[in-house]
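Letters A, B, ... mirror the listed sequences (proteins, then strands); counts begin at 1. Atoms considered below: every heavy atom in the structure, side chains included; atoms not considered: hydrogens, waters and symmetry mates.
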2 protein chains.
Amino acid sequence: MVRRSGRRPGNQDTRTSILEAARASFAEKGFDKASIRSIAADAGVDPALVHHYFGTKEKLFLAVMNAPINPGELIPQALDGPRDQAGERLIRLAISVWDSPAGTAALAVFRSALSNEWTARLLREFVVTQILRRAVGEIIDDQKEAPMRSALVATQIAGTMVARYVLRIEPLASADPDIIAAAVGPNIQRFLTDPMPEVFKQP
Amino acid sequence: MVRRSGRRPGNQDTRTSILEAARASFAEKGFDKASIRSIAADAGVDPALVHHYFGTKEKLFLAVMNAPINPGELIPQALDGPRDQAGERLIRLAISVWDSPAGTAALAVFRSALSNEWTARLLREFVVTQILRRAVGEIIDDQKEAPMRSALVATQIAGTMVARYVLRIEPLASADPDIIAAAVGPNIQRFLTDPMPEVFKQP
DNA sequence: CGAATAATTCATCAGGTGTTGAAATCAACG
DNA sequence: CGTTGATTTCAACACCTGATGAATTATTCG
């Protein structure tokens, strides 16, 4: 039975403004330190309203993450092109995403993953294992090397993001993306395609 | 006037046991999530006693850091040897420190730096700017390139630590230090000694 | 209008945080 | 023994956290 009376769901402005405040807060402070109360205050709203719309704090986080970022689209996009420049395209893609407005969400995931265990699992099992490992698998030849090679690639990318966006180490934090790509890209490329010493050995 | 009566300061065991509990807790949870109360509980002691001995929480953190780690000794030690293998020695040193019992302190600094601003400054201004930059300065030729080259080196080292010890990405988290050194070392070496494209340009 | 329903707020719970000051316990010395 | 002073604990303050459920306001429909 579909009851069709009463108020229709109007004014979703506050809902999205909560979402925006949450994204900004998560990106700036990470999952733990971003409090529902401060998010609600930034949105000019009662804290209980946040729970009304999104339930728990974790659901709010997931709601923030769903919208803007889709690594499943981005990484394959970094793959088409000459294979010997895949490393530079990867780091260039990462920087461009993080510098874009939608990049605040990426920063939110990352900052949270560094201090919160369930966000770390999110990043580790989804982004690294699912996305990055598949992408790397399409570049390299010996598939047995895929886990280690993608972990090494993650090493250099994560390190760059930590240094530039989290720790803000100069002069890297203010450096031009082209310079970073030229400096870091070849190293990622080496992780991808250079012969590795007994890399495949793993239990 | 030297008053010489009353109880003499005995039994410093509890003080050091607090220190140990604090080091373990800071390493596992980072500065913010490690609570004085839980540290006191781990040490089998009242929370107020922690304040009695160490004052504020930040002072406790600094007290934990003072004892075991002294990068000023370690980094120069990584410098003596052939310059074309300095990269491998650096990453090898980092891993050995972090895997040592004293390494829990390093993990504590790092974990905290990723989610706490004043710890981040500690890491950025002291470890990177003071220690690493000087060490790199003794390896490279053109000193104008020291800031960017040491930032890049920090990129790869920090990334390896994040992947292995914080995010625990497999198979890197369980990999043998020799394999990691062989895989990552040459990339650090390239950051140190290979010609860089207009790296010195910085405001 | 009046009923239904959504949007929003109030008050509150149970718990955790760093920190403080006073009180109690205990060992060593004169 | 009794005083002294270090060690340790108790109790509390003031504040923040996520979460709940009831109450209130507002809007739209029949």
Side-chain angles (χ1 to χ4, degrees), chain A residues 1-23 25-26 28-64 108 111-112 115-119, chain B residues 1-23 25-26 28-64 108 111-112 115-119:
Chain A
M1 307 307 176
V2 184
R3 305 203 173 186
R4 321 186 85 270
S5 110
R7 184 182 191 173
R8 296 286 154 268
N11 198 22
Q12 295 283 29
D13 295 353
T14 60
R15 199 193 133 99
T16 69
S17 76
I18 289 176
L19 227 50
E20 279 183 27
R23 168 154 53 248
S25 198
F26 281 137
E28 184 189 348
K29 309 176 189 176
F31 180 81
D32 293 300
K33 301 178 99 172
S35 74
I36 298 251
R37 288 175 141 88
S38 78
I39 291 175
D42 288 353
V45 146
D46 190 276
L49 192 60
V50 180
H51 283 95
H52 173 66
Y53 278 126
F54 302 98
T56 167
K57 189 184 181 183
E58 301 193 350
K59 288 183 183 174
L60 172 61
F61 186 83
L62 291 177
V64 163
R111 249 212 157 92
S112 305
S115 63
N116 182 280
E117 185 49 36
W118 83 266
T119 326
Chain B
M1 306 309 176
V2 184
R3 306 202 174 187
R4 317 185 91 271
S5 113
R7 185 183 193 175
R8 296 287 154 266
N11 197 23
Q12 294 282 25
D13 294 353
T14 59
R15 198 194 134 99
T16 69
S17 75
I18 290 176
L19 226 49
E20 278 184 26
R23 169 154 54 247
S25 196
F26 282 137
E28 183 190 348
K29 309 175 188 175
F31 180 81
D32 293 300
K33 301 178 100 173
S35 74
I36 297 252
R37 286 174 144 88
S38 80
I39 290 174
D42 288 353
V45 144
D46 190 276
L49 193 59
V50 180
H51 283 93
H52 173 66
Y53 277 126
F54 301 98
T56 168
K57 189 184 181 183
E58 300 193 352
K59 287 182 183 174
L60 172 62
F61 186 84
L62 291 178
V64 163
R111 251 215 155 88
S112 304
S115 64
N116 182 282
E117 185 49 35
W118 83 266
T119 326

Trainee: More 5' along DNA chain D: Asp46(A) or Ser35(A), using each one's nearest nucleotide?
Mentor: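 Looking at DNA chain D, the more 5' nearest nucleotide goes with Ser35(A).
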Trainee: In whole Å, what is the span from the CD1 atom of Ile18(B) to the P atom of dT7(D)?
Mentor: 11 Å
Trainee: Within the side chain of Ser112(B), is there an N or O that forms a donor-acceptor pair under 3.5 Å with the backbone of Ala108(B)?
Mentor: yes
Trainee: Tell me which nucleotide among dA7(C), dT19(C), dT20(C) gets nearest to the side chain of Ala48(B).
Mentor: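 My answer, after comparing the listed nucleotides, is dT20(C).
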Trainee: May I have the distance from Tyr53(A) (atom OH) to dG18(D) (atom P), rounded to whole angstrom?
Mentor: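 Distance check: Tyr53(A) OH to dG18(D) P gives 20 Å.
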Trainee: Starting from P on dT8(C), measure out to CZ on Arg15(A) and report it in whole angstrom.
Mentor: 12 Å
Trainee: Taking the minimum atom-to-atom distance to the side chain of Thr14(A), which one of dG18(C), dT8(C), dG18(D) wins?
Mentor: dT8(C)
Trainee: Name the orientation class of the two ring planes belonging to Phe31(B) and Phe61(B) (parallel below 30°, tilted from 30 to 60°, perpendicular beyond 60°).
Mentor: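 Ring orientation of Phe31(B) relative to Phe61(B): perpendicular.
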Trainee: Which one, dT8(D), dT20(D), dG18(C), comes nearest to the side chain of Lys57(B)?
Mentor: dG18(C)
Trainee: Return the set of residues passing side chain to side chain contact (heavy atoms under 4.5 Å, CB included) with Lys33(A) (not counting sequence neighbours), or none when no residue passes.
Mentor: Lys29(A), Asp32(B), Asn116(B)
Trainee: Of the candidate nucleotides dT8(D), dT17(D), dA12(D), which contains the atom at the shortest distance from the side chain of His52(B)?
Mentor: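 Looking only at side-chain atoms, His52(B) lies closest to dT8(D).
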Trainee: If I take atom CZ in residue Arg37(A) and atom C1' in nucleotide dT9(C), what distance separates them, rounded to the nearest angstrom?
Mentor: 13 Å
Trainee: To the closest 0.5 Å, what do you measure between CZ (Phe26(B)) and CG (Leu60(B))?
Mentor: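 Here the interatomic distance stands at 4.5 Å.
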Trainee: So which nucleotide from dT17(C), dT20(D), dT9(C) ends up closest to the side chain of His51(A)?
Mentor: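 Selected nucleotide: dT20(D).
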Trainee: Classify Ile36(B) by what it touches in the nucleic acid, base, sugar-phosphate, or nothing, heavy-atom distance under 4.0 Å.
Mentor: sugar-phosphate
Trainee: In whole angstroms, how far is the C1' atom of dT19(C) from the CG atom of Leu60(B)?
Mentor: 14 Å
Trainee: Can you tell me if Ser38(B) and Ser35(B) form a side-chain donor-acceptor pair at under 3.5 Å?
Mentor: yes
Trainee: Any side-chain N or O of Thr56(A) less than 4.0 Å from the OP1 or OP2 oxygen of dA19(D)?
Mentor: yes
Trainee: For the pair made of NZ in Lys59(B) and P in dT19(C), what is the distance, rounded to whole Å?
Mentor: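 About 10 Å, once rounded to whole Å.
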Trainee: Contact class for Ala34(A) vs. all strands (heavy atom < 4.0 Å): base, sugar-phosphate, or nothing?
Mentor: sugar-phosphate
Trainee: Which whole-number value in Å describes the distance from Lys33(A) NZ to dG18(D) P?
Mentor: 13 Å
Trainee: Using atom CD1 of Ile39(B) as one end and atom P of dT17(C) as the other, report the distance to the nearest whole Å.
Mentor: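 Taking CD1 of Ile39(B) and P of dT17(C), I get 10 Å after rounding.
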